[in-house]
Amino acid sequence: MKAQIIDGKAIASQEKAKIRKEAELFNEKYGRQVGLAVIIVGEDPASKIYVSNKIKACEETGIRSFSYRLPESVSDQDVINLIEELNKNEAVDGLLVQVPLPKHLNEQKILSHITVDKDVDGFCATNVGNLLLSRECNKACTPAGIITLIESTGVDICGKRAVVIGRSNTVGKPVALMLLEKNATVTVCHSKSKNLADICKTADILVCAVGKKHIVTADMVKDGAIVIDVGMNRVDGKLYGDVDFDNVSEVASYITPVPGGVGPMTVTMLLNNTVKVAYRGK
Ligand code: NAP
């Protein structure tokens, strides 16, 4: 194997150690813990796992977590009332509502009530707009984690040709903007793109966020490229990325595994955003 593995687990744990120090300093200086509130509605098993991972990560980093479990039967207004209350709560620096919400709720309407500063997921229109305008903001967590992973290689993003496959609002578009902010030359591909393989082959940095097992094969990757695999595809109980890891690692210089690459960074960046918000408020 030629490529070096970018160990997301190890990098996440180093980042968490830094976050813990900053959270402890905050507590010493301002006499309270940094706080993250998480609202979960209903009984979706995957959402429950994500929320419990977030709470566990808060414990590891000295961040106080506030968790609110609402029954499936709540109305939009019930959730909005809780959000409004937490918006005013000074012990809460970051606030998130675990998505997807049950179908009868208006997700966009509910999420739009989270105050911009406390939107640590970085999904609200103002945070996304500020990212576009290169202003200080809460940056979406998975894309911010991807940038940290790329930077961990020591390779300078500036001037590199980056190709992002996927244009979702939560991964593809924000990571493309973040790469552009770092002065990469960025191309975004999607399901209607023609000659995907040829475009990918030009990439010094290839980020794949599609959700299709092994859509990126070795013949699509430039020799020496950095390959970041965001995909999480469960097939017959096993987790696969979007990248054909075994063969692509013979061509790339650096590659993220699945699992253990991008995944561990997402919650870490959420905590990072929360601590930053706490300091910004002082
Ligand atoms: P999404 O909203 O479904 O977006 C998928 C994107 O892939 C769309 O832009 C789509 O294009 C594009 N696409 C689909 N088929 C394609 C093809 N054949 N060629 C090129 N592009 C194609 O997914 P997402 O939320 O961005 O997530 C992507 C993957 O990342 C999923 O596997 C998800 O589970 C994973 N993920 C992982 C983490 C993590 O923490 N590790 C976080 C978020 C997501 P169109 O826009 O044209 O439809």
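Both ligands and their constituent atoms are indexed starting at 1 by order of listing.
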Peer 1: At what distance is the nearest protein heavy atom to atom 39 (C) of ligand 1, and which residue and atom is it?
Peer 2: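 Protein heavy atom at minimum distance: Thr266 OG1, 3.9 Å.
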Peer 1: Is any side-chain heavy atom of Ser67 less than 4.5 Å from a side-chain heavy atom of Ser52?
Peer 2: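 Side-chain contact under 4.5 Å: no.
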Peer 1: Measure Lys212 to ligand 1 on non-hydrogen atoms and call it side chain, backbone, both or neither using the 4.0 Å cut-off.
Peer 2: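 For Lys212, the contact with ligand 1 is made by the side chain alone.
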Peer 1: Other residues, nucleotides and ligands only: do more than 12 of their heavy atoms fall within 6.0 Å of NZ on Lys103?
Peer 2: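 Not buried by this count: 12 neighbours or fewer within 6.0 Å.
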Peer 1: I need the nearest protein heavy-atom contact for atom 25 (O) of ligand 1: residue, atom name and distance, please.
Peer 2: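 Result: Thr170 OG1, 3.8 Å.
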Peer 1: For atom 20 (C) of ligand 1, what is the nearest protein heavy atom, given as residue, atom name and distance?
Peer 2: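 Here the nearest protein heavy atom works out to His190 O, 3.2 Å.
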Peer 1: Can you check which of Thr256, Val230, Asn169 brings a heavy atom nearest to atom 38 (C) of ligand 1?
Peer 2: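 The option holding the nearest heavy atom is Val230.
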Peer 1: Nearest to atom 8 (C) of ligand 1, what protein heavy atom do you find, and at what distance?
Peer 2: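 In this structure, atom 8 (C) of ligand 1 has Arg167 N, 4.0 Å as its nearest protein heavy atom.
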Peer 1: With heavy-atom distances below 4.5 Å as the criterion, would you say the side chains of Lys213 and Met232 are in contact?
Peer 2: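 SC-SC contact between Lys213 and Met232 ruled out.
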Peer 1: Is there a donor in the side chain of Gln98 and an acceptor in the side chain of Lys54, or the other way round, less than 3.5 Å apart?
Peer 2: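 Checked: Gln98/Lys54 side chains pair up, N/O donor to acceptor below 3.5 Å.
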Peer 1: Residue-level breakdown please: for Ile165 versus ligand 1, do any non-hydrogen atoms fall below 4.0 Å on the side chain, on the backbone, on both, or on neither?
Peer 2: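 Near ligand 1, Ile165 shows its side chain, while the N, CA, C and O stay back.
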Peer 1: For residues Asn130 and Asn127, is any side-chain donor paired with an opposing acceptor at under 3.5 Å?
Peer 2: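 No donor-acceptor contact under 3.5 Å links the two side chains.
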Peer 1: More than 12 non-hydrogen atoms from neighbouring residues, nucleotides or ligands closer than 6.0 Å to CZ on Phe66, yes or no?
Peer 2: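 Correct, the count exceeds 12.
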Peer 1: Once you restrict to heavy atoms under 4.0 Å, what part of Val171 touches ligand 1? Side chain, backbone, both or neither.
Peer 2: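 Within the 4.0 Å criterion, Val171 contacts ligand 1 through side-chain atoms alone.
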Peer 1: For residues Cys58 and Ile55, determine if any side-chain heavy atom of one lies less than 4.5 Å from a side-chain heavy atom of the other.
Peer 2: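 Side-chain contact under 4.5 Å: no.
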Peer 1: Provide, to 0.1 Å, the distance between atom 3 (O) of ligand 1 and the closest protein heavy atom, together with that atom's residue and name.
Peer 2: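 In this structure, atom 3 (O) of ligand 1 has Val210 O, 4.3 Å as its nearest protein heavy atom.
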Peer 1: Looking only at heavy atoms of Gly231, does any of them come nearer than 4.0 Å to an atom of ligand 1?
Peer 2: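 Yes, Gly231 has a heavy atom closer than 4.0 Å to ligand 1.
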Peer 1: State whether the side chain of Asp156 and the backbone N or O of Cys158 hold a donor-acceptor pair below 3.5 Å, judged by distance alone.
Peer 2: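 Yes, because the side chain of Asp156 sits within donor-acceptor range (under 3.5 Å) of the backbone of Cys158.
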Peer 1: What atoms of ligand 1 come within less than 4.0 Å of a heavy atom belonging to Thr142?
Peer 2: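 In order of numbering, the contacting atoms are 40 (O), 42 (C).
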Peer 1: Indicate whether atom 27 (O) of ligand 1 is within a distance of less than 4.0 angstrom of some protein heavy atom.
Peer 2: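 It does not: no protein heavy atom is found less than 4.0 Å away from atom 27 (O) of ligand 1.
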Peer 1: Of all the atoms in ligand 1, which lie at a distance below 4.0 Å from a heavy atom belonging to Ile215?
Peer 2: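 Atoms satisfying the 4.0 Å criterion: 17 (C), 18 (N), 19 (N).
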Peer 1: Just to check, does Gly172 reach to within less than 4.0 Å of ligand 1 when the distance is taken from its heavy atoms?
Peer 2: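 Gly172: no contact with ligand 1 (<4.0 Å).
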Peer 1: Of all the non-hydrogen atoms in the protein, which one sits nearest to atom 48 (O) of ligand 1, and at what distance?
Peer 2: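 For atom 48 (O) of ligand 1, the nearest protein heavy atom is Ser191 OG, 3.6 Å.
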Peer 1: Kindly write out the residues that satisfy side-chain hydrogen bond (donor to acceptor under 3.5 Å, both in side chains) with Thr153, not counting sequence neighbours, or none if the list is empty.
Peer 2: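 With sequence neighbours excluded, Thr153 shows a side-chain hydrogen bond (donor to acceptor under 3.5 Å, both in side chains) to no residue whatsoever.
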Peer 1: Any donor-acceptor pair under 3.5 Å linking the side chain of Asp119 with the backbone of Leu95?
Peer 2: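 No.
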Peer 1: Just jot down the salt bridge (charged side-chain N to carboxylate O under 4.0 Å, His left out) partners of Lys201, sequence neighbours excluded, or say none.
Peer 2: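 Expected list: none.
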Peer 1: Could you find the nearest protein heavy atom to atom 31 (C) of ligand 1 and give me its residue, atom name and distance?
Peer 2: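 Here the nearest protein heavy atom works out to Gly211 CA, 3.7 Å.
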Peer 1: Heavy atom to atom 4 (O) of ligand 1, shortest distance: which of Gly166, Cys141, Pro264, Ser168 holds it?
Peer 2: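 The option holding the nearest heavy atom is Ser168.
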Peer 1: Just checking, is any N or O donor in the side chain of Asp219 or Thr217 under 3.5 Å from an acceptor N or O on the other one?
Peer 2: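 Asp219 vs Thr217: donor-acceptor pair found between side chains.
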Peer 1: Give the residue, atom name and distance (to 0.1 Å) of the protein heavy atom nearest atom 32 (O) of ligand 1.
Peer 2: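 Its nearest protein heavy-atom neighbour is Met232 N, 2.9 Å.
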Peer 1: Would you say Ala209 touches ligand 1, if touching means a heavy atom closer than 4.0 Å?
Peer 2: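 Yes, that is the case, since the closest heavy atom of the residue is under 4.0 Å from the ligand.
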